[in-house]
Amino acid sequence: MTIQLHNTKTGKKETFVPIDKNSITMYLCGPTVYNYAHIGNARPAVVFDVLNNLLKYHYPKVTYARNITDIDDKINKSAMELGQNIKKYAKKYADIYNHDIEQLGVQAPDIEPYATEHIPQIIAMINDLITKGHAYAAEGHVLFSVNSYENYGRLSNRNIDDMIAGARVEIAPYKKHPADFVLWKPSDESLPGWGSPWGRGRPGWHIECSAMCKEHLGTIIDIHCGGRDLVFPHHENEAAQSCCANSTESFANYWVHNGMINMDNHKMSKSLGNILLIKDVVKKHKGEVIRWLLLSSQYRQSVSWSEDSIYKSQKTLDRIYTALRENQDSIAEVHHNNIPASIIKALDDDLNTPIAFAEINKIAKQLAKAKSSNDKVLYKSQLLSAGLLLGFFQENPESWFKADDIDSDKIEKLIKQRNTARDNKDWEKSDQIRNELAAMNVVLEDSAKGTRWSVKNQ
RNA sequence: GGCUGGAUGGUAGAGUGGCUAUACAUCGGUUUGCAAAACCGCGGACACCAGUUCGAAUCUGGUUCCAGCCUCCA
C-alpha cells in the first residue's frame, strides 16, 4: 500500500511516507468565521474528509485537526457593522459552518481548535520568534522578519524581491522589510484583545495555525491541507513561523492544496461577487448530490459549477440509488474489506475520485444486472462499503426518492385508486390520476411487483 | 511583469506511447395499456504547428487561448 500525494513543496506527486506510521497527523485550514459558509469553503472540507477516511483506512491512528479562525479583522468589521458581540458573532458562524458541511456528509475532525482558545500558545510562539531573532516589536506590533529566514518563499516558489517590485499595497512605516508580516497587533478598547508583553492586542493572520498545529499535532506534521489560494501568503508564512519558532527544517512534510470552484470559468470570489452559499444550495439540492459534484473532479483541478453539473450528479446518484432500491432485500455487509481494490487504488493515487466514481458506476451497473442472490449481495456490499469510505449511499433508498414535505398517505391512496382502475382497464381514469400525481411532482413506475413512486428531482 | 496550472467527444471529466474510461444528454432496440425506470446497442474527442518514434491525443520544442496566485480569499 502506498498513497501518492501531490506535494506543493516539490510540485510533484510523491509517495506518502509518514513520520510515524502508527500516528498520522493532518491539519486543514478551516474557515475564518465572519459570514455564511460558501461552496468554496465546502470543497476542502469534503475533499480532505475523504483523505482523512482514506488515511484511517490504511493506518491505525490518524489525528485530523481542522481549525476555526475566530479572531480576525474581517470578523470584527462585520460584527461591528451589525452592532453585534464579536465573540458571539464568530461562534454563530462557526456553528453554521459545521452544520452546513455536515449536510454534505463531512464528518467531524478529531480536533477542532479555535484560535481564541490558543492565545497563550500564540504569545509563547511569538516570544520564541523574537528570542531567536526572527521577529521584532514595533509600535505595538510584532512583525516576522522575512530576511531572517533563508527559505522564505520556497513553498510558494516565490522570490521576495520580485514580489516587492510588483507590490500594490502601501507599506506600513514600522516594517523593516516590505514583506514582513504581522504576528501581533494592538487592539483599542472596541476590539477584542488580550494582554501580552507588547500591550493589549490580538494575533495577526497565520500565527494561529502555527500555534494550533504545534499544540495539537506537534512541531512537524505529516500533511497540511488547504485551498490553493492559501499557498501564498498564508501557508508560506505559517511554514516560516513554525520552522523558525520550533527550529525545525520542515513544518509539514506534505502540503496538499485543492483547486478552486469556477462559476462561468471564473473563480468564485468575493471580489467577483459570485459567491454561492452552502445553506442556499442545500435548500434546493441534496447534500449528497453536491458532495458528488465536488468530488467528481480530481481535487487539484477546478470544479465547474453549474445547474447542469448539479443535474448530472443528481441523475447519476438517482441511478445508483435505483439499483439499491431494487435490491433492498439483499443483505449487504458494509465493511472495509468489501471495498473493491480498484477504488482504493484510485484513491491512493493522489485521491483520484473520478476513477473511483467510474468504478462505483460499474459496480452499480453490475448490481442492477445481477441475477443470483450471491452477486446481488456481493455488489451491494461493495457499493455500500465504498460508499461509506467516500461518504455516499448510506441513505435509505426509499427515502432518497421521497421528499420530507409530502403527504405519502394521500399519494398511496391515489395509487390504490389508480390500480383499481387499471384492474378494470379504465385507462382514462388511470391516466387522470397519474396526471394528478404528476402535478404534485410525483412520478409513478408500474412493474410486476406493483406501483412504485418517487418525487421528481428538479 | 514573475510564478503555477490548463486546453480531451453535445456537456462534465479521467487516463494511456499502440488496448471500451465513466457519467449526463442524443439516437436505435427490449419492455410497457400508456408511461416511467431498467437493460442492450450505436455513434462521436484528444487546441494549433513542428520534431522524436515502426506508431503520439499521450514525449520534446514552439504558437495561440484560458484560469489561478503575486491584494481579502477555500
Side-chain angles (χ1 to χ4, degrees), chain A residues 6 8 11 28-32 34-35 37-48 72-74 77 97 153 156-170 179 205 225-234 236 257-262 265-272 275 292-293 296-298 300-306 308-320 322-323 325-326 346 349 352-362 364-365 368-369 401 421-422 425-428 430-431 434-435 438 443-448 451-454 456:
Chain A
H6 181 93
T8 303
L28 167 64
C29 281
T32 299
Y34 64 101
N35 204 337
H38 54 72
I39 54 173
N41 297 118
R43 167 118 107 143
V46 167
V47 163
F48 298 115
D72 180 274
D73 287 352
K74 292 192 291 292
K77 185 167 177 273
Y97 168 78
S156 56
N157 193 23
R158 257 155 238 253
N159 177 300
I160 311 178
D161 297 328
D162 288 353
M163 288 187 318
I164 291 147
R168 279 173 264 169
V169 281
E170 219 174 295
W205 185 38
C225 325
R228 245 210 124 57
D229 52 353
L230 292 183
V231 177
F232 188 88
H234 187 52
E236 187 71 57
H257 292 103
N258 64 274
M260 303 290 102
I261 290 177
N262 280 174
N265 206 231
H266 284 283
K267 181 187 148 183
M268 189 183 80
S269 72
K270 288 176 197 93
S271 45
L272 291 172
I275 304 278
W292 187 270
L293 170 56
S296 58
S297 301
Q298 202 267 353
R300 285 191 289 124
Q301 305 306 129
S302 52
V303 165
S304 308
W305 188 277
S306 68
D308 184 52
S309 47
I310 297 171
Y311 175 79
K312 285 174 185 169
S313 301
Q314 173 77 57
K315 296 304 278 185
T316 304
L317 287 175
D318 280 350
R319 214 195 67 258
I320 297 169
T322 299
R325 194 186 198 187
E326 301 278 7
D349 184 13
N352 197 327
T353 48
I355 288 195
F357 282 11
E359 294 299 320
I360 281 173
N361 278 308
K362 287 177 193 166
K365 186 161 273 196
K369 288 196 300 187
F401 291 99
R422 289 175 71 221
K425 298 202 189 297
D426 183 352
W427 309 126
E428 201 173 316
S430 163
D431 288 348
R434 181 203 286 288
N435 291 337
V443 180
L444 300 183
E445 294 164 33
D446 298 323
S447 76
T451 300
R452 188 168 73 181
W453 66 277
S454 307
K456 191 169 177 270

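Computation of the quantities below employed the complete heavy-atom set of this structure, encompassing side-chain atoms and omitting hydrogens, waters and symmetry-equivalent molecules. Below, read A as the first sequence line, B as the second, and so on, with proteins coming before strands; counting in each chain starts at 1.
When both pairing distances are held under 3.5 Å, B/A23 makes a Watson-Crick or G-U pair with B/U11. Across every strand in view, B/A74 sits unpaired, with no contact that passes the Watson-Crick or G-U test at under 3.5 angstrom.
The gap from the C1' atom of B/A57 to that of B/G18 amounts to 12 Å, rounded to the nearest Å. Taking the C1' atom of each, B/A47 and B/G6 are spaced 11 Å apart, rounded to whole Å. Between B/G15 and B/A21, the two P atoms lie 14 Å apart (nearest whole Å). Between B/G13 and B/U22, the two C1' atoms lie 8 Å apart (nearest whole Å).
With values rounded to the nearest 0.5 angstrom, A/R228 atom CZ is found 5.5 Å from A/T8 atom OG1.
Dashed line: the shortest gap from a side-chain N or O of A/H266 to OP1 or OP2 of B/A67 is under 4.0 Å. The phosphate of B/C73 (OP1 or OP2) has a side-chain N or O of A/K74 nearer than 4.0 angstrom. OP1 or OP2 of B/C69 has at least one side-chain nitrogen or oxygen of A/K267 nearer than 4.0 Å. Within the 4.0 Å cut-off from OP1 or OP2 of B/C72, not a single side-chain nitrogen or oxygen of A/K77 is found.
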Nucleotide-resolved protein contact map, nucleotides 3-13 of chain B, B/S/- at heavy-atom distance under 4.0 Å: SS------BSS
